[in-house]
J.: 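Handing you a structure now.
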Amino acid sequence: MPPSLTVLALFAHPDDAEFLAAGTLAHLATHGAVIHMATMTAGDCGSTILPPAKITRIRQKEAQRSANLIKASYACLQEKDLLVIYDGRTIKKVLELVRRADPDLVLTHSPVDYMVDHETTSRLCQSACFGAMAPNFKTGARRPAKAVRRVPHLYYAQPFGGRDIVGEPIPPKLCVDISTTIDLKEKMLACHESQRAWLRAQQDISQLDDPMRKMAQQAGGLCGFRWAEGFRQHLGQGFPQENLLRSLLGDLVRAVEDGMPG
Ligand SMILES: [Zn+2]
């Protein structure tokens with residue numbers, strides 16, 4: 001691992017990173033990477049009982065506690081649930097975040113996902129990673145960070161459940177073995193205590209950790225690991241083509257040859 005490797009994990013809501021990428025983040029932290037975790041919102045709609053101001057305070061504390069477990073920083077961009085919008089104001093905010101972090105590697109949501117906030121976060125992240133190098137792009141921040149020197153390696157996590165909104169599978173291209181970090185991932189997820197009640201009410205999910213393990217098992221089954229997290233790398237024009245995750249984590253990363261099992 002290079003001495004100053006920096007990783008940015010930008011997801012829409014508190015607990016998304018934990019569900020989708022925390023096992024990989026834990027590996028990277030163990031290897032000495034500087035990890036920044038960020039969410040677009042503080043999860044203001046994540047309660048049927050508490051008002052927005054109260055639940056957002058609780059959820060930001062939960063996210064910070066989770067980040068602390070891998071010695072990551074945590075920042076919230078203070079957008080609102082269901083209102084993560086792809087517009088100039090928000091692109092500037094995300095681009096400023098990317099410039100401040102100056103990451104080698106960025107993890108975010110799949111561009112196709114079950115939830116629009118997730119898809120929009122993915123697009124915002126793509127534009128911010130692409131544009132952070134351009135000195136003529138001004139973010140309007142009070143003390144703006146300098147343009148970065150290179151486009152970061154961008155990876156998309158799996159959509160929750162591995163399917164799009166009409167049930168079509170979205171297979172990952174590579175899997176990271178999280179067998180040695182899944183317990184820590186579970187601890188990070190458990191920091192989001194407020195969401196157990198919410199998910200019970202909203203989605204009939206009684207145990208926050210069960211769907212996480214199911215997803216990890218499904219991804220693992222694609223590449224011969226017991227537990228895994230799946231990703232796809234952004235390989236569009238202008239983005240680095242090297243599989244940095246593979247270079248960093250070696251045998252913990254395997255390519256997925258075929259699609260998702262039925
Ligand atoms: Zn989410």
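When a ligand or atom number is given, it counts from 1 through the structure's own listing order. Every value quoted in this text rests on a predicted model; they were computed, and no experiment measured them.
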J.: In terms of side-chain geometry, is the basic nitrogen of Arg100 or Glu96 positioned less than 4.0 Å from the acidic oxygen of its partner?
T.: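 Looking at Arg100 and Glu96, the cut-off is met.
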
J.: Without hydrogens or angle criteria, can the side chains of His192 and Asp15 be said to hold a donor-acceptor pair below 3.5 Å?
T.: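 Judged by distance alone, the side chains do not pair up.
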
J.: With no hydrogens and no angle check, is any side-chain donor or acceptor of Gln241 less than 3.5 Å from a backbone partner on Phe239?
T.: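 Yes, because the side chain of Gln241 sits within donor-acceptor range (under 3.5 Å) of the backbone of Phe239.
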
J.: Close to the Zn ion (ligand 1), meaning under 2.8 Å, how many protein N, O or S atoms are there?
T.: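 Number of qualifying protein atoms: 4.
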
J.: Kindly write out the residues that satisfy side chain to side chain donor-acceptor pair (under 3.5 Å) with Ser247, not counting sequence neighbours, or none if the list is empty.
T.: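 For Ser247, the residues satisfying side chain to side chain donor-acceptor pair (under 3.5 Å) (neighbours in sequence not counted) are Glu242.
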
J.: Flag the pair Arg149 and Asp102 as a salt bridge only when some basic side-chain nitrogen lies within less than 4.0 angstrom of an acidic carboxylate oxygen.
T.: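 The answer is yes: the pair qualifies as a salt bridge.
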
J.: Would you check if Pro211 and Phe160 make a side-chain contact, meaning some heavy-atom pair closer than 4.5 Å?
T.: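 Heavy-atom side-chain distance check passes, below 4.5 Å.
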
